[in-house]
Student: 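One structure follows; several queries about it will come next.
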Amino acid sequence: MAKFWREDIETMSSEDMRALQSERLRKQVRHVYDNVPYYRNMMDNKGVAPDDIQSVDDLKKLPFLSKADLREAYPYGLLAVPLTDCVRIHSTSGTTGKRVVAFYTQHDVDLWEDCCARAITAAGGGADDVVQVAYGYGLFTGGAGLHGGSHKVGSLTLPMSSGNTERQIQFIQDLGATVLCCTPSYAAYIGETIHDMGLSPDDLQLKAGIFGAEPWTEEMRRSIEKSLGIKAYDIYGLTEISGPGVAFECCEQKGMHINEDHFIAEIIDPETGEVLPDGTVGELVFTSITKEAFPLLRYRTRDLCVLTRGKCACGRTLVKMAKPMGRSDDMMIIRGVNVFQSQIETVLIEQGYSPNYLIEVDRVNNTDTLDISVEMTAEQFSDKMKDLQDTERELASAITAMLGIRPKVHLVSPKTIARSEGKAVRVIDRRKLHD
Ligand code: DLL
């Protein structure tokens, strides 16, 4: 079984990679300057000419692009080729505002699918596999990206899209799916439904899952791996930069390799914009150096994470990004304390709860409130009803130890929290609604 999809690239020396990136960056800056008036103005305003960018070291001279710029330029303002050269559009899920539309030439689609093929290969997928794609198809990039990657590696592709969970399970069983691609929250839901249907992982041939599109914790990974009897691989990407496959996990499961022959990654201080050294937490910024239709230079993802370099035990040399901790604008400040959903999820799963919970933040009498509804499993429901309040208090204390502020915990009956077939919404911040 092939270990790499593009061994030459995936194991390239860092000097060769830098040279390749620099060469592609020079061309890309020229392409963007010549063809995108919006970006040319930004560069002119900053006093940067295309010839000032000779290598990756010069990247910091370029201005940043933000989501606000993309919205302002909607829909065609950042298009770098004639519309007639484009063959596809995709669009962001629009959970945080107006949608962004991204354009692709055939070349862009090919490169993107190649990135997804690398991810599937790294997860052990190949021509003998049956890949069930249960990410949504449509404007969302999840379905199309993994679908294209699965074709490339020659797997039998089941284009299920998300939803209709019992049919998903029937196909996993009847058609012997070996690789499942969907969001981690949907994987957890599929695992739960398999259990409810009286099936066990031994009844399935699944061996791997490629899960991404939303933050998920290591605890969630272990819980999904157990419920589906698989190895669960993380995959990262965003519509603006292409879609899934910007970065993917290998068998080491210690961070995701960034396809840096296509996307140069930087970490910056989200407040000052200063470039931070490897190993420091900050905002991830990408420059796409091979895209034709919608090439973004120094795009601020708002995702917070850490980069690490060095050869991985899997043999890859591609720079790694840690699991994103969430978006910088998803960080909740509650009573002055920074809180991430992932911290709460870690405690809940460690304490034996399922990943079905809802975090509600509000402000009452000028004080922030934090309420966490946590669903009990059927077994917990019967033994914990007796001492419900004690259990709620214990759980609140465990979360307080993690966060430094005390939440109110509400244990709720099994199956009362809505399940997700795509990206889960587990935080409702009502303070934003009042503002
Ligand atoms: O979610 C692309 C994708 C599809 C990735 C399928 C992986 C699998 P968007 O809808 O544009 O694109 O959302 C992008 O989702 O900026 C992150 O905040 C978040 N995200 C994506 N993958 C991960 C991940 C797709 N593995 C936004 N872990 C990104 C954490 C992720 N967050």
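Whatever order the structure lists them in is the order used to number ligands and atoms, beginning at 1.
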Student: Do the side chains of Lys207 and Asp129 get close enough for a salt bridge, i.e. N-O under 4.0 angstrom?
Tutor: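 A salt bridge links Lys207 with Asp129.
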Student: With under 30° as parallel and over 60° as perpendicular, where do the rings of His90 and Tyr104 fit, or are they tilted in between?
Tutor: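 Rings of His90 and Tyr104: perpendicular, as their planes differ by over 60°.
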Student: Would you verify whether the NZ or CZ of Lys423 falls within 45 degrees of the ring axis of Tyr135 while also being under 6.0 Å from that six-membered ring's centre?
Tutor: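 No, a cation-pi geometry is absent between Lys423 and Tyr135.
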Student: When you look for heavy atoms under 4.0 Å from ligand 1, do you find them on the side chain of Asp303, its backbone, both, or neither?
Tutor: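 For Asp303, only side-chain atoms sit under 4.0 Å from ligand 1.
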Student: Check each heavy atom of Pro324 against ligand 1 and say whether those closer than 4.0 Å belong to the side chain, the backbone, both or neither.
Tutor: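 Side chain only.
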Student: Tyr135 heavy atoms, cut-off 4.0 Å: which ligand 1 atoms fall inside?
Tutor: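 By the 4.0 Å cutoff, the relevant atoms are 6 (C), 8 (C).
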Student: Name the orientation class of the two ring planes belonging to Phe263 and Phe286 (parallel below 30°, tilted from 30 to 60°, perpendicular beyond 60°).
Tutor: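 Phe263 vs Phe286 ring planes: perpendicular.
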Student: Which of the atoms of ligand 1 are close to Asp234, meaning less than 4.0 Å from one of its heavy atoms?
Tutor: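 Counting atoms of ligand 1 from 1, those under 4.0 Å from Asp234 are 24 (C), 26 (N).
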Student: Nearest heavy atom to atom 28 (N) of ligand 1: which of Glu214, Met256, Arg302 does it belong to?
Tutor: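 Result: the heavy atom closest to atom 28 (N) of ligand 1 is in Glu214.
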Student: Please test Val412 against Ile417 for side-chain contact (heavy atoms from CB on, under 4.5 Å), starting from the C-alpha separation and ending with a verdict.
Tutor: CA-CA 8 Å; Val412 301; Ile417 289 183; 4.0 Å; yes
Student: Less than 4.0 Å is my threshold; does some heavy atom of Lys423 fall inside it relative to ligand 1?
Tutor: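 For ligand 1, residue contact (heavy atoms, under 4.0 Å) with Lys423 is present.
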Student: I need the Met42 CE to Asp69 CG distance, nearest 0.5 Å.
Tutor: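 Spacing of CE (Met42) from CG (Asp69) equals 4.5 Å.
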Student: Is Leu238 touching ligand 1 with its side chain, its backbone, both, or neither, if touching means heavy atoms under 4.0 Å apart?
Tutor: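 Both backbone and side chain of Leu238 come within 4.0 Å of ligand 1.
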Student: When the ring planes of Phe248 and His257 are compared, do they come out parallel, tilted or perpendicular, using 30° and 60° as the limits?
Tutor: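 Judged by the thresholds at 30° and 60°, the geometry between Phe248 and His257 is tilted.
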Student: Output yes when the distance from some N or O of ligand 1 to some N or O of Trp216 is under 3.5 Å, and no in every other case.
Tutor: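 No: no nitrogen or oxygen of Trp216 is under 3.5 Å from one in ligand 1.
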Student: Before accepting this row, confirm whether a basic side-chain N of the pair Glu240/Lys67 lies closer than 4.0 Å to the acidic partner's carboxylate O.
Tutor: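 Result for this pair is yes, salt bridge flagged.
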Student: Is any N or O atom of Gly243, backbone or side chain, closer than 3.5 Å to an N or O atom of ligand 1?
Tutor: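 No, no N or O pair falls under 3.5 Å.
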Student: Phe211: heavy atom below 4.0 Å from ligand 1, yes or no?
Tutor: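 For ligand 1, residue contact (heavy atoms, under 4.0 Å) with Phe211 is absent.
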Student: Looking at ligand 1, does Lys323 have a heavy atom less than 4.0 Å from it?
Tutor: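 The answer is no: ligand 1 sits nowhere under 4.0 Å from a heavy atom of Lys323.
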Student: Can any side-chain N or O of Glu214 pair as donor or acceptor with the backbone N or O of Ser185 at less than 3.5 Å?
Tutor: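 At least one qualifying donor-acceptor pair exists.
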Student: Checking the N or O distance criterion of under 3.5 Å, is ligand 1 in contact with Thr92?
Tutor: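 Not met; the criterion fails.
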Student: Which option out of Gly136, Gly237, Ala213 puts a heavy atom nearest to atom 14 (C) of ligand 1?
Tutor: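 Considering heavy atoms of Gly136, Gly237, Ala213, the nearest to atom 14 (C) of ligand 1 sits in Gly237.
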